[in-house]
Amino acid sequence: MDARQAAVSYILGYSGIHGSLRHLRDRYPDADRRLLHLMQGLDSAAALVRDGRIVAAAAEERFTGEKGTGDFPVQAIEYCLRTAGITAADLDVVAHSFHYTLDPDIAELDEDAAGQFASLYRPERQRELWRTLVGPMPRRDFVAVPHHVAHAHSALDLSGFDSAVVIVSDGMGETESMTVLRADTDGLRPILTVPASHSLGVLYSLVTHHLGFLPAMDEYKVMGLASFGDPDRFGDVFTDLVRLAPEGGYVIPLLTGEVDRRSQDLHEGALARLVDLFGPARQPGEELTQRHKDIAAGLQRRLEDLVLRTAEWARSTTGEARLCLAGGVALNCTANGRIVDSGLYDDVFVQPAAGDDGAALGAALAVSSRDGNPRVRMTMPYWGNAYRDETLREVAASTEGFVVEEFTDDRALAARVAGELADGKILAWFQGGMEFGPRALGNRSILADPRSSETRDLVNLRIKKREDFRPFAPAAKAESAAKFFEIKPGAEDQYAHMVVLTRTRPEHVAGLGAVTHVDGTTRVQTVRREHNVRFWELLDALEERIGVPVVLNTSFNVQGQPIVRTPQEAVATVRDARLDGLVLGRTYLRPVGVEAAR
Ligand SMILES: [Fe+2]
């Protein structure tokens, strides 16, 4: 080993199961397309870790334009390598976020299962794909990391906690749907597992389907809808659907009754049972009635109660006072908010890419953690494609159809943009490195005045072309967030990544109508100057201009599209969505013909 090899260790993690969606499509050509989405292996991504530090991370969807794609993340891998200035031959370890093994009994009994395992899941298949689609094998190892171990590391290793409880909950890993682990400086030990056949995540996705939305994608819409419903109307039904088991566990008999292979893959029996329990399934686009809202509310409350119960059990069993959450269920910011509010734990950390994109990062960190790197609390996940101001200025200058204003300092830019927002303009905001995970955290955002609920309706219908019931989140200066939102002073950083729900303080609800949900809740992002100077300056300028250091912040995309990655995509989306302007680095682009604010 030469000196360079000894000094540097590059570990690349990736997620997704290539071809899984196509496999199901071919297998069940007549099946409801939305149901195919329930399968394992979406949200492929790549992440590169060098000596325990994250160099780059991005989801493949941002490159291909196919939201949630599970295809082998060739372009995300290329991006990671390019950012580090290395090639695949320089990688020490490649880690995949799944580790499937085939039960020999099943292989013998079920030819289909064996075929599916061979074409999709076996670890050797990943090596073949790597050789074909990327090239040279890594220098040291190509490893398969168990899915929930990857999720657990994606949170724990970025939490800064020496010891903690980690709750991983998602649709499913290889064989389980929830794993509770106890972590200390020696590593992670599971203390509770719930099998995949009793998955809270799958139940939530099936009800998402019943309500006319896309499973494994639109669960957050159901969460938003729940605020309009009465959780008691179907409370008893949900209590019966998910039954309590000892030691923090639970069972979901509904999911275990599928008799044949097709029903197991597509859950058709369980969906039929949901119709018996709740009435006809809503078709996409159909009107949302009070019944639908009450179903969403009942489901959401049951999920919250169960996650909270497991968190309570883990707290009393282990004595640990710190908690990490990961897996798709950890994107349920309402449930996260209940855990934080319960005061059960002194500190709760949710890594913002809690879904399977984050498992790519977790797979890399799982390997990296063996080197004994200290766990350091992450700040902001700006690990995607980054552009310098100079590049953005060149893009702005060469873009036709816009009036371009250039600014030489951040305060002047912030004052100008704040004036436009105060004047009712809806603007796109494109800065620096792209966020990893589903949330726009101030670098790929659409921004608007937070004060009036009319702005919310306007952004929903005119720009995002999405359902009018869906709330928008605010970003706020961290140092004054507790004045407007129910955040304990000192706990602001738990709200840095938009994954924990809180409430707008009652005296500010009327003044923050665009970013407060119907039930008074809000998913605020707290912004520190040292983590995003330009975004913070904008909030500061807004405080001066409109009296609140708050902005409506939603992801920079339109319905069905992933968040924009490049400045060129940003310009195209601004044109298509007819936004009032685009802030690109330190330039402000106004479409020709749109009047400037006075
Ligand atoms: Fe997962």
Side-chain angles (χ1 to χ4, degrees), residues 13-18 20-21 24 36-47 57 59-61 67-73 76 95-100 120-121 123 126 144-158 166-181 188 190 192-206 208 214-220 252 255 267 303 307 310 324-333 335-336 350-366 381 436-439 499:
Y14 73 96
S15 60
I17 295 177
H18 187 69
S20 56
L21 199 56
L24 268 200
L36 304 182
H37 224 247
L38 271 167
M39 89 161 308
Q40 183 68 285
L42 297 173
D43 293 325
S44 63
E60 185 71 359
E61 64 165 22
K67 209 171 178 181
T69 183
D71 279 352
F72 195 89
H96 186 223
S97 63
F98 290 98
H99 186 185
Y100 277 97
L120 295 177
Y121 300 128
Q126 295 303 321
V145 177
H147 190 62
H148 280 196
V149 172
H151 273 310
H153 278 280
S154 79
L156 176 70
D157 293 14
L158 302 176
V166 185
I167 299 179
V168 176
S169 181
D170 63 1
M172 69 193 91
E174 294 85 357
T175 58
E176 61 291 278
S177 60
M178 180 189 271
T179 307
V180 182
L181 308 101
L188 284 155
L192 168 72
T193 56
V194 176
S197 52
H198 295 276
S199 169
L200 267 182
V202 168
L203 176 69
Y204 208 101
S205 292
L206 290 174
T208 297
L214 182 60
M217 184 74 81
D218 288 347
E219 282 72 11
Y220 64 104
I252 309 179
L255 302 178
H267 301 275
L303 176 96
V307 176
T310 304
C324 294
L325 297 169
V329 174
L331 292 171
N332 193 303
C333 59
N336 298 347
V350 189
Q351 192 268 114
D356 277 5
D357 47 356
L361 177 58
L365 291 170
F436 185 53
R439 304 276 162 262
V499 281

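Every number for a ligand or one of its atoms is a count from 1 in the order of the listing. Predicted model, so just to flag it, every value in this text is computed and none were measured.
Between the side chains of Y14 and Q126, at least one donor N or O lies within less than 3.5 Å of an accepting N or O.
Around the Fe ion (ligand 1), protein N, O or S atoms at less than 2.8 Å number 4.
A 4.5 Å side-chain heavy-atom check between D357 and F436 finds at least one atom pair inside the cut-off. The shortest side-chain heavy-atom distance between V145 and H99 does not fall under the 4.5 Å cut-off. At least one side-chain heavy atom of D170 sits under 4.5 Å from a side-chain heavy atom of H148.
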Could you walk me through whether H147 and D356 pass the side chain to side chain contact (heavy atoms under 4.5 Å, CB included) check?
CA-CA 9 Å; H147 190 62; D356 277 5; 3.0 Å; yes
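Not one N or O on the side chain of T179 forms a donor-acceptor pair closer than 3.5 Å with the backbone of P190.
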